[in-house]
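See structure below.
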Number of protein chains: 2
Amino acid sequence: MEDSEFEHLLRSAGLRVTRPRLAVLRAVRRQPHADTATLLAAVRVEEPSVSHQAVYDVLGALTDSDLVRRIQPAGSVARYELRVGDNHHHVVCRSCGTVADVDCAVGVRPCLDASDTHGFVIDEAEVTYWGLCPTCAADRAPAAAAP
Amino acid sequence: MEDSEFEHLLRSAGLRVTRPRLAVLRAVRRQPHADTATLLAAVRVEEPSVSHQAVYDVLGALTDSDLVRRIQPAGSVARYELRVGDNHHHVVCRSCGTVADVDCAVGVRPCLDASDTHGFVIDEAEVTYWGLCPTCAADRAPAAAAP
DNA sequence: CGGCTTTCTTGAACGAGTCAAGTTTTCCGG
DNA sequence: CCGGAAAACTTGACTCGTTCAAGAAAGCCG
């Protein structure tokens with residue numbers, strides 16, 4: 001994903017090309033699953049004068065235009081990643097909150113067909129796996145084995 | 001689920017049986033997927049003196065003991081339902097936020113086996129279906145058909 | 001029934017996210 | 001290349017779900 005492509009993506013979505021928006025896109029590319037505060041800090045390395053609010057606005061606009069995807073595991077603040085089009089899901093560490101991408105084993109449209117949907121018109125199935133990341137699992141196992 | 005069973009469940013979990021706790025359990029049974037504010041109001045019908053904080057504490061204790069399950073779709077406040085043990089998931093209306101239960105079509109442990117988990121130790125797969133509830137879908141369809 | 005904990009009440013505080021007003025920037029048409 | 005309308009940004013205040021802290025009350029074991 002080149003910088004010039006970001007510009008093209010913005011125009012295709014009917015959005016104006018601005019320095020804050022390019023900086024946010026670069027920050028999201030550099031740090032997938034980062035929260036707003038982290039992205040703000042990253043943006044300010046390149047563009048020190050970008051405001052708090054601008055990052056919220058930009059992330060909102062990018063999310064509405066499907067250039068960026070917002071995820072928010074329970075108990076976490078909003079996190080963002082570049083919209084990649086493939087159907088991937090996320091695994092979240094219960095201990096430290098780290099998020100990683102996972103492909104679903106079932107196929108391209110996993111679980112999108114629920115049995116009884118109560119008349120809901122479903123357009124997306126979001127799968128969140130919960131568990132422990134390698135680091136937290138390692139920290140925990142020895143403690144249980146040697147009391 | 002009888003009231004006397006709530007008492008038993010609390011004791012089995014090593015929790016003391018209190019009026020606030022029983023009232024919260026009844027409220028959650030009566031209004032599945034309700035948020036904290038709704039549950040607080042429901043509790044106060046029976047127990048007017050129960051505090052704000054008590055409901056948060058109780059819901060936290062019940063969640064930790066697995067008597068109650070906390071769900072939190074992106075963009076929503078925390079919602080609660082009685083822990084029923086079966087493997088069901090949720091469908092959320094993008095428009096009004098309504099939540100309904102759905103059984104997953106794939107089986108008892110749907111999607112629990114992700115392909116590459118990056119070394120995470122996974123203990124749960126949570127599926128959230130997103131779409132429009134019957135009411136919101138109906139409100140929207142005519143508007144698109146008759147411009 | 002007494003005493004040790006757990007739980008609850010009260011009241012303040014925190015923080016992610018939003019709202020609002022005014023200024024700056026983008027970009028289209030001339 | 002320039003002017004002006006619309007979109008985007010800055011600044012600063014504010015909302016609201018949730019948490020923190022200290023002291024009072026209630027549950028439960030012996």
Side-chain angles (χ1 to χ4, degrees), chain A residues 4 6-25 27 33-44 46-65 67-68 70-80 97 99, chain B residues 3-4 6-27 33-44 46-65 67-68 70-80 97 99:
Chain A
S4 58
F6 286 153
E7 192 174 327
H8 179 65
L9 286 172
L10 287 169
R11 291 194 202 282
S12 309
L15 296 174
R16 292 182 178 174
V17 178
T18 67
R19 298 175 68 78
R21 282 176 177 171
L22 290 173
V24 167
L25 283 167
H33 312 135
D35 59 24
T36 310
T38 303
L39 293 172
L40 175 59
V43 163
R44 283 185 170 163
E46 318 180 333
E47 305 282 344
S49 69
V50 169
S51 68
H52 178 75
Q53 188 61 29
V55 173
Y56 275 97
D57 286 350
V58 167
L59 288 171
L62 296 179
T63 301
D64 290 346
S65 304
L67 300 187
V68 150
R70 169 190 284 131
I71 63 172
Q72 189 170 12
S76 166
V77 296
R79 294 162 175 275
Y80 298 87
V99 176
Chain B
D3 267 42
S4 58
F6 285 153
E7 193 174 326
H8 179 66
L9 285 172
L10 287 170
R11 290 193 203 282
S12 309
L15 296 174
R16 293 181 177 174
V17 177
T18 68
R19 298 175 67 77
R21 283 176 176 169
L22 291 173
V24 167
L25 282 168
R26 281 192 293 266
H33 312 135
D35 60 24
T36 310
T38 303
L39 293 172
L40 174 60
V43 163
R44 283 184 170 163
E46 318 180 334
E47 306 281 346
S49 69
V50 169
S51 70
H52 179 76
Q53 187 60 28
V55 172
Y56 275 95
D57 286 351
V58 167
L59 288 170
L62 296 179
T63 300
D64 289 346
S65 304
L67 300 187
V68 150
R70 170 190 285 130
I71 63 172
Q72 189 169 14
S76 165
V77 296
R79 295 162 175 274
Y80 298 87
V99 176

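Chain naming here is simple, since letters A, B, ... match the order of the sequence lines and numbering starts at 1 in each.
- Every residue two or more places apart in sequence or in another chain was checked for a salt bridge (Lys or Arg N to Asp or Glu O under 4.0 Å) with B/Arg44, and none qualifies.
- Straight-line distance from the CZ atom of B/Arg21 to the C1' atom of C/dT7: 6 Å, rounded to whole Å.
- Distance, A/Arg70 CZ to C/dA16 P: 15 Å, rounded to whole Å.
- Atom P of nucleotide C/dT24 and atom CD of A/Glu47 are separated by 18 Å, given to the nearest angstrom.
- For the OP1/OP2 pair of C/dC8 and a distance below 4.0 Å, the side-chain nitrogens and oxygens of B/Arg19 include no atom meeting the criterion.
- Protein atom CG of A/Asp64 is 11 Å distant from nucleotide atom P of C/dT18, rounded to whole Å.
- Between its two ends, the helix from C/dC1-D/dG30 to C/dG30-D/dC1 turns its axis by 40°, counting five pairs per end and rounding to 10 degrees.
- Set against C/dT7, C/dC8, C/dC27, the side chain of A/Val17 has C/dC27 as its closest nucleotide.
- Between A/Arg16 and C/dT25 there is no side-chain polar atom (N or O) within less than 4.0 angstrom of OP1 or OP2.
- Comparing B/Thr36 and A/Pro20 by the nucleotide of DNA chain D that holds the closest heavy atom to each, the one mapping nearer the 5' end is A/Pro20.
- The footprint of chain A on DNA chain D, defined by a heavy-atom cutoff below 4.0 Å, extends from D/dA6 to D/dG12.
- Contacts with DNA chain C (heavy atom under 4.0 Å) in residues 50-61 of chain B: B/Val50, B/Ser51, B/Gln53, B/Ala54, B/Val58, listed by number.
- Residues meeting the salt bridge (Lys or Arg N to Asp or Glu O under 4.0 Å) test with B/Arg19, sequence neighbours left out: B/Glu47.
- Regarding A/Asp35, its CG atom lies at a distance of 8 Å from the P atom of C/dG17, rounded to whole Å.
- For B/Thr18 and C/dC8, the shortest distance from a side-chain N or O to OP1 or OP2 is below 4.0 Å.
- For A/Arg79, the side chain to side chain donor-acceptor pair (under 3.5 Å) criterion is met by A/Ser76, not counting sequence neighbours.
- Rounded to an integer number of Å, the gap from CG of A/Leu10 to P of C/dT25 is 18 Å.
- If you check every strand for non-hydrogen atoms under 4.0 Å, B/Ala37 touches nothing.
- Here OG of A/Ser12 is found 10.5 Å from CD of A/Glu7. Values are rounded to the nearest 0.5 Å.
- Under a 3.5 Å cut-off, the side chain of A/Thr38 and the backbone N or O of A/Ala34 do not form any donor-acceptor pair.
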